[in-house]
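Following: one structure in structure tokens, then a few remarks.
Index from 1, following the sequence.
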Amino acid sequence: MTCDFKKKKIIDLMNKRVIVGLSGGVDSSVAAYLLKEQGYEVIGLFMKNWHDDSVTISDECPWLDDSNDAMLVADKLGIPFQTVDLSEQYKERIVDYMFDEYQKGRTPNPDVLCNREIKFDVFMKIALDLGADYVATGHYCRKGTSTKLSNQTGKEKEVFHLLAGVDNNKDQSYFLCQLSQEQLSKALFPIGELTKPEVREIASKLDLVTADKKDSQGLCFIGKVRLPEFLQQKLKPKEGVIVEISKEKALYNNEVPAFDSKKEELAYFTKKIEYAITDGEVVGKHQGAHYFTKGQRKGLAVGGKVEPLFVIDTNVDDNVIYTGQGKEHPGLFKKALFVSNDELHWVREDLALKVDETMELEARIRYRQPLQKATLYKVDSGLYVEFKNAQSAITEGQFVAWYINDELVGSGVIS
């Protein structure tokens with residue numbers, strides 16, 4: 001009986017077509033192999049997202065080598081392979097957005113956007129047009145499903161869960177924090193139950209060309225870029241001053257006032273400190289405030305300090321960088337952040353908060369940050385996230401993602 005059931009399952013899967021985004025790395029290579037082993041009809045597709053090699057560090061992650069490696073893997077696994085050129089859509093949806101955000105003095109996360117806009121939108125539509133039932137990637141995360149009674153129809157409805165990968169060191173659920181139920185319904189993450197060493201071991205046993213290949217660094221499907229050079233394509237260098245603000249400054253010792261409401265308190269804790277050049281001492285020069293981000297230490301080129309300088313704020317309008325000594329500088333820390341309604345996203349739409357509702361859970365403001373205890377507060381204009389402990393370098397334009405246990409349930413762009 002068990003054997004018959006297994007045969008039926010394999011026959012069912014053989015009718016299911018999966019298109020794998022083969023990136024030329026070990027993770028997507030093993031993902032393709034595992035799907036084939038499970039009985040799916042697997043096709044490999046390489047996304048070409050970038051043409052301009054002048055800003056990439058060519059020996060780090062050239063797309064041509066990646067495309068070649070992806071083709072060799074497909075050949076070894078005996079699966080069809082082709083390349084799709086998405087560079088036009090990538091420029092419009094990712095690169096132009098990045099320039100725009102940096103120009104505003106915000107720091108975007110292109111990897112999160114690449115997953116939402118390219119891999120699970122443009123790429124997914126191409127895959128579905130090719131008759132695919134699913135799109136698979138080499139992300140270290142998992143997908144779960146459950147059924148829930150729909151309030152609208154009164155019928156059972158399938159709910160998709162975005163779960164952290166088993167390998168804590170590699171969990172990439174954060175990068176998928178903007179996916180919708182529709183996108184998740186068509187997504188597969190074959191290596192989510194494995195650790196990186198296990199993935200490498202499978203690739204070695206199969207003698208795949210990608211088995212010992214280093215993980216790519218930098219922008220999603222572009223490779224490692226020299227960010228200043230990359231940004232200088234549109235954002236021209238402009239000399240400005242670096243100002244150091246002392247941690248003893250009176251503006252950090254303001255007494256916290258009494259509040260009439262929780263909303264008033266949260267507004268106070270998310271309020272940005274407005275620095276002026278006269279608040280500190282000019283200690284150096286820079287070539288453009290829009291090239292720097294909060295919490296940054298490298299690239300300031302200011303020596304002779306007891307502790308290293310960190311960027312505590314940038315003002316792109318006045319072209320000034322404000323810095324402070326040491327990673328414990330009070331200018332780096334904040335207890336709460338805000339996400340406006342138009343940049344708020346629930347992976348689990350059924351859990352979305354209504355105005356005045358709250359939820360205790362855990363959240364992170366950057367990839368690989370350990371999860372932090374937090375409370376969500378929904379207000380008319382958006383959502384506050386208040387942390388139990390103050391967080392360092394909460395950065396406008398980055399994504400905050402919140403979790404219940406190991407499930408990522410929502411996210412938003414930090415205002």
Side-chain angles (χ1 to χ4, degrees), residues 53-61 94-95 98-99 101-114 169 174-175 214-220 222-247 272-273 275 277 279-316 318-334 364-370 390-399 414:
D53 293 331
S54 65
V55 292
T56 58
I57 302 169
S58 57
D59 60 353
E60 285 285 345
C61 183
I94 311 298
V95 177
M98 279 178 68
F99 286 134
E101 287 286 276
Y102 275 107
Q103 201 151 13
K104 289 176 187 166
R106 305 209 317 173
T107 306
N109 190 313
D111 291 304
V112 173
L113 287 168
C114 181
N169 289 321
Y174 175 82
F175 290 132
K214 272 187 187 174
D215 289 345
S216 68
Q217 301 287 313
L219 298 185
C220 165
I222 288 184
K224 197 163 185 175
V225 298
R226 298 179 180 90
L227 196 59
E229 282 98 318
F230 185 74
L231 294 174
Q232 276 170 26
Q233 292 176 96
K234 272 204 176 176
L235 311 179
K236 298 300 170 207
K238 182 182 167 189
E239 191 171 86
V241 293
I242 300 170
V243 175
E244 183 191 339
I245 308 284
S246 165
K247 60 181 80 170
K272 198 175 156 117
I273 295 174
Y275 295 104
I277 294 176
D279 289 329
E281 174 197 357
V282 174
V283 291
K285 289 184 176 172
H286 61 81
Q287 291 305 308
H290 41 247
Y291 301 144
F292 291 82
T293 186
K294 208 171 282 183
Q296 184 172 331
R297 176 182 165 182
K298 290 181 179 170
L300 289 167
V302 177
K305 299 290 172 184
V306 177
E307 291 183 273
L309 288 182
F310 288 82
V311 176
I312 58 172
D313 199 14
T314 61
N315 184 327
V316 291
D318 298 337
N319 199 31
V320 180
I321 294 173
Y322 293 99
T323 63
Q325 278 192 50
K327 59 184 179 191
E328 297 303 320
H329 190 282
L332 285 170
F333 289 88
K334 255 178 157 180
R364 58 168 54 106
I365 54 171
R366 59 183 67 90
Y367 173 53
R368 298 190 84 158
Q369 181 197 23
Q391 301 296 303
S392 176
I394 292 176
T395 307
E396 295 92 339
Q398 289 281 296
F399 287 88
I414 299 168

- Item | Side-chain touch I312/K294, heavy atoms, less than 4.5 angstrom | no
- Task: Please examine the side chains of L113 and M98, heavy atoms only from C-beta on, and report whether any two atoms are closer than 4.5 Å.
- Result: no
- Query: What are the two closest heavy atoms between Q398 and I365, and how far apart are they?
  - Reply: CB-O, 4.4 Å
- Task: Assess whether side chain to side chain contact (heavy atoms under 4.5 Å, CB included) is satisfied between L332 and Q391, documenting all intermediate values.
- Result: CA-CA 8 Å; L332 285 170; Q391 301 296 303; over 6 Å; no
- If you measure from NZ on K285 to CD1 on I321, what distance do you get to the nearest 0.5 Å? 13.5 Å
- Does the ring center of F175 lie less than 6.0 Å from the ring center of Y367? yes
- Determine whether I245 and Y275 make a side-chain contact, defined as any pair of heavy atoms from C-beta on separated by less than 4.5 Å. yes
- Query: Heavy atoms, side chains only, cut-off 4.5 Å: are H290 and Q103 in contact?
  - Reply: no
- Message: Could you tell me if the side chain of E239 sits less than 4.5 Å from the side chain of Q287, heavy atoms only?
- Response: yes
- Message: Taking side-chain contact (heavy atoms from CB on, under 4.5 Å) as the criterion, tell me which of I273, V311, I277, D279 meets it with Y322.
- Response: I277
- Taking the side chain as every heavy atom from C-beta outward, state whether V112 and Y174 have any pair of such atoms under 4.5 Å apart. yes
- Is any side-chain heavy atom of L300 less than 4.5 Å from a side-chain heavy atom of I242? yes
- Of the non-hydrogen atoms in G295 and A393, which two are nearest, and what is the gap between them? CA-CB, 3.8 Å
- Note on the structure: One should read off an interatomic distance between Q369 CD and S392 OG, to the nearest 0.5 angstrom, of 9.0 Å
- Message: Any non-hydrogen side-chain atom of Y291 less than 4.5 Å from a side-chain atom of P237?
- Response: yes
- Item | Stepwise side chain to side chain contact (heavy atoms under 4.5 Å, CB included) test for L309 and E244 | CA-CA 8 Å; L309 288 182; E244 183 191 339; 3.9 Å; yes
- Query: More than 12 non-hydrogen atoms from neighbouring residues, nucleotides or ligands closer than 6.0 Å to NZ on K236, yes or no?
  - Reply: yes
- Task: Can you establish whether the number of heavy atoms outside K327 located under 6.0 Å from its atom NZ is more than 12?
- Result: no
- What is the minimum heavy-atom distance between P108 and P110, and which atoms define it? O-CD, 3.5 Å
- Residues at least two apart in sequence or cross-chain that pass side chain to side chain contact (heavy atoms under 4.5 Å, CB included) with N319, listed by chain then number, are K238, H286, A289
- Query: Does the side chain to side chain contact (heavy atoms under 4.5 Å, CB included) test come out yes or no for I414 and F399, once each step is laid out?
  - Reply: CA-CA 6 Å; I414 299 168; F399 287 88; over 6 Å; no
- Message: Taking side chain to side chain contact (heavy atoms under 4.5 Å, CB included) as the definition, give me every residue that meets it alongside E328, ordered by chain and number, with sequence neighbours left out.
- Response: F333
- Query: Should R297 and E307 count as an ion pair when the cut-off is N to O under 4.0 Å?
  - Reply: no
- Task: Start with the C-alpha gap between E396 and R106, add the side-chain angles, then the distance that decides, and say whether salt bridge (Lys or Arg N to Asp or Glu O under 4.0 Å) holds.
- Result: CA-CA 5 Å; E396 295 92 339; R106 305 209 317 173; over 6 Å; no
- Sorted by chain and residue number, the side chain to side chain contact (heavy atoms under 4.5 Å, CB included) partners of T293 (sequence neighbours excluded) come out as T107, Q296, T395
- Message: Donor-acceptor check, side chain of D318 to backbone of V320, threshold 3.5 angstrom: yes or no?
- Response: no
